[in-house]
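Following: one structure in structure tokens, then a few remarks.
These values consider heavy atoms only, across backbone and side chains, with no hydrogens, waters or symmetry-generated copies. By convention in this document, chain letters (A, B, ...) are assigned in the order of the sequence lines, proteins followed by strands, and residues within each chain are numbered from 1. The shown structure was predicted, so the numbers you read here are calculated from the model rather than taken from an experiment.
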Amino acid sequence: MNGQALPLKESMLLGLLSLLLFLGLWTVLTVSGIVPRQFLPTPLEVASRFFQLLTSPFAGATLPTHLAASFKRYAYGVLLAAAVGVPLGLLMGWFRLLDDIVTPIFDGLRFIAPIAWVPFAALWFGTGIGGPIMIIFAGAFPPCLINAYRGARFVEPRLIEAAKMLGTNDTRMIMEVLLPAAVPSIIAGLRVSAGLGWQSLVGAELIVAAAGVGFMMVQAQGSVQTATVMTGMIAIGIVGMIIDVLLRQGEGWLRRRRGLEA
Amino acid sequence: MGSISFSHVDKIFGPQGSGVKALDNINLDIADREFVAIVGPSGCGKTTCLRMVAGFEAASAGEVKVNGKTVTAPGPDRAVVFQQFALFPWKTVRENIDLGLRNKNLPLAERDGLISSALKLMSLESHADAFPHQLSGGMQQRVAIARAYVLDPEVLLMDEPFGALDAQTRVVMQEELVRLARRNPRTVLFITHAVEEAVYLADRVAIMTRRPGRIKEVLDIRSIREAEGWDRHPKIEDVMDLESFVHLRTHIWKTLREEKDFQHV
């Protein structure tokens, strides 16, 4: 990156400035009528809709309820991705045979966008909880696997040699050498997974028939309620940011604990 | 029991036929409880010799045997002390030392006893629960030595173990290693490029040539050490002042120097 890091206060000020500029431009474009209102609601309309939806229901639920329903699917999807991806990645990092078997299939599958799985997710796992979870899983799984694999594969060779000369078996090698060595990489992968999983949410909720932010947005789209759609987008953005900030903190804490950073 | 033997060992890195020959016809027999140091210029393949005994590398030709058995894989009967310590950063000192013992499936009480005596042996008692990054380089290498010694290995393989330490720490560690070796004799293969260190520590010193590495000369230090009574001097600098020590050191220097000059002709 070019340039020196600004003091925290100044960089926050700049952030605020850019937000205000963005909102100002948006206001000018909409209020002046340059962009017709049915295509883009004004910031004020969106804000008032946002606060309205916090308490009054749309499409059968309030915004917090929609968010809660989404978050539950999301949490299941990402946890499942981590629970399968991380162990599989570590095993592939240790057993060459498994690596050779899984990698070609995986390398093809991971380029298929999560939303492409929508028809099959609905067909195989239904539109209740299973289908959406599978779509979120499809988004969150690849980084979990790739990062665990890379973390395990690129452990300092000396440490593997040290463990081998100490008579360490495969299980212990994976649990006590590869896994802890791969933790920073795994955490970074989980962060990416958490982001991609949350991004897959709207796709996942195209097929649900009950609550969820994505569901809310699809319903609003049907009745051309742009302010409601925008509210859903903003809610997704805010929650995504909160998830990322929390995971960053967790990663920083873990790195400090491991003495990787002062 | 822990003898090591190299017989007609070649090592070629890279594809067979077009690879680089790193070792050429290495022959060396190390007796049980003998301390042998290999000295040689950087890149002469001395570390490769050690890595073949450890089971990290296979010989391209010839055989490396420990106790008469051909080495096929690494194992706790051949403990290695690495130049860069290779401690597990996420394990405490105690846990680092414990891993090899747990791998042997020893009961907890026995492990605790062994760990305590290993910590004591290396003066690490007060650091048992520290993580490696909290220790100085010298302390980290003590942990690595404790981790190797605690396994009661048949042979101890030390790959420039003091190479990453500062000069003062290095001297302290050398003296401690001598004390350790006298109290608890073990077959040791010690790799170094420091001539004094080799002469001070070893029973025999093998001098290697530049790539492709060959053993040029093997010097018997032990008989001179015993005849001249080196062990009566507790401090390394006193030993290094003795005429017999200086003579050996100079001889090795000259032998290595010939190598260098030869290289430049």
Side-chain angles (χ1 to χ4, degrees), chain A residues 82 86-87 89-91 93-97 147-191 247 250-262, chain B residues 47 50-57 66 71-92 95-106 130-135 140 143-160 164:
Chain A
V86 172
L90 290 174
L91 288 168
W94 184 240
F95 296 109
R96 208 45 177 278
L97 186 71
N147 281 51
Y149 168 77
R150 295 188 136 257
R153 199 81 171 72
F154 299 109
V155 177
E156 210 194 315
R158 286 285 171 280
L159 291 182
I160 295 204
E161 288 178 354
K164 276 186 179 168
M165 74 80 179
L166 293 169
T168 308
N169 63 26
D170 287 336
T171 314
R172 221 165 245 173
M173 183 71 85
I174 290 168
M175 295 305 291
E176 296 189 29
V177 180
L178 301 190
L179 173 61
V183 160
S185 173
I186 291 171
I187 299 283
L190 289 178
R191 238 183 70 205
L247 285 171
E251 187 180 0
W253 174 82
L254 214 101
R255 288 179 71 90
R256 279 191 299 279
R257 213 183 80 108
R258 292 271 299 273
L260 291 170
E261 272 167 21
Chain B
T47 289
L50 177 138
R51 291 175 57 78
M52 288 193 297
V53 181
F56 299 147
E57 310 261 5
V66 170
V71 172
T72 53
D77 55 322
R78 286 155 286 132
V80 182
V81 176
F82 298 88
Q83 181 177 7
Q84 298 298 340
F85 324 135
L87 299 174
F88 304 107
W90 45 85
K91 287 181 185 287
T92 63
E95 288 165 347
N96 265 284
I97 299 173
D98 196 18
L99 180 60
L101 298 174
R102 285 168 54 223
N103 291 340
K104 283 187 168 181
N105 293 317
L106 298 178
F131 285 92
H133 70 87
Q134 297 170 314
L135 304 176
Q140 291 190 45
V143 179
I145 294 171
R147 176 175 75 176
Y149 248 85
V150 79
L151 295 174
D152 194 23
E154 290 175 351
V155 308
L156 200 54
L157 305 171
M158 306 184 92
D159 184 13
E160 303 204 34

Side chain proximity check, [X] to [Y], heavy atoms < 4.5 angstrom:
X: B/Leu151; Y: A/Leu166; value: yes
X: B/Lys91; Y: A/Glu176; value: yes
X: A/Met165; Y: B/Leu157; value: no
X: B/Phe82; Y: A/Glu161; value: yes
X: A/Leu179; Y: B/Trp90; value: no

Interface moiety of [X] toward chain A, non-hydrogen atoms closer than 4.5 Å:
X: B/Leu87; answer: backbone
X: B/Lys104; answer: neither
X: B/Phe56; answer: side chain
X: B/Arg51; answer: side chain

side-chain contact (heavy atoms from CB on, under 4.5 Å) between A/Asn169 and B/Asn103, worked out: CA-CA 8 Å; A/Asn169 63 26; B/Asn103 291 340; 5.7 Å; no
Contact summary for B/Ala86 and A/Ala162, nearest pair of heavy atoms: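 In terms of heavy atoms, the two residues are closest at O-CB, 3.7 Å.
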For chain A, the option from B/Ala54, B/Pro76, B/Pro132 that forms the most heavy-atom pairs under 4.5 Å: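 The candidate making the most pairs under 4.5 Å is B/Pro76.
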Atom pair CZ/CZ of A/Arg172 and B/Arg102 - distance to nearest 0.5 Å: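 Answer for the CZ-CZ pair, A/Arg172 versus B/Arg102, is 4.0 Å.
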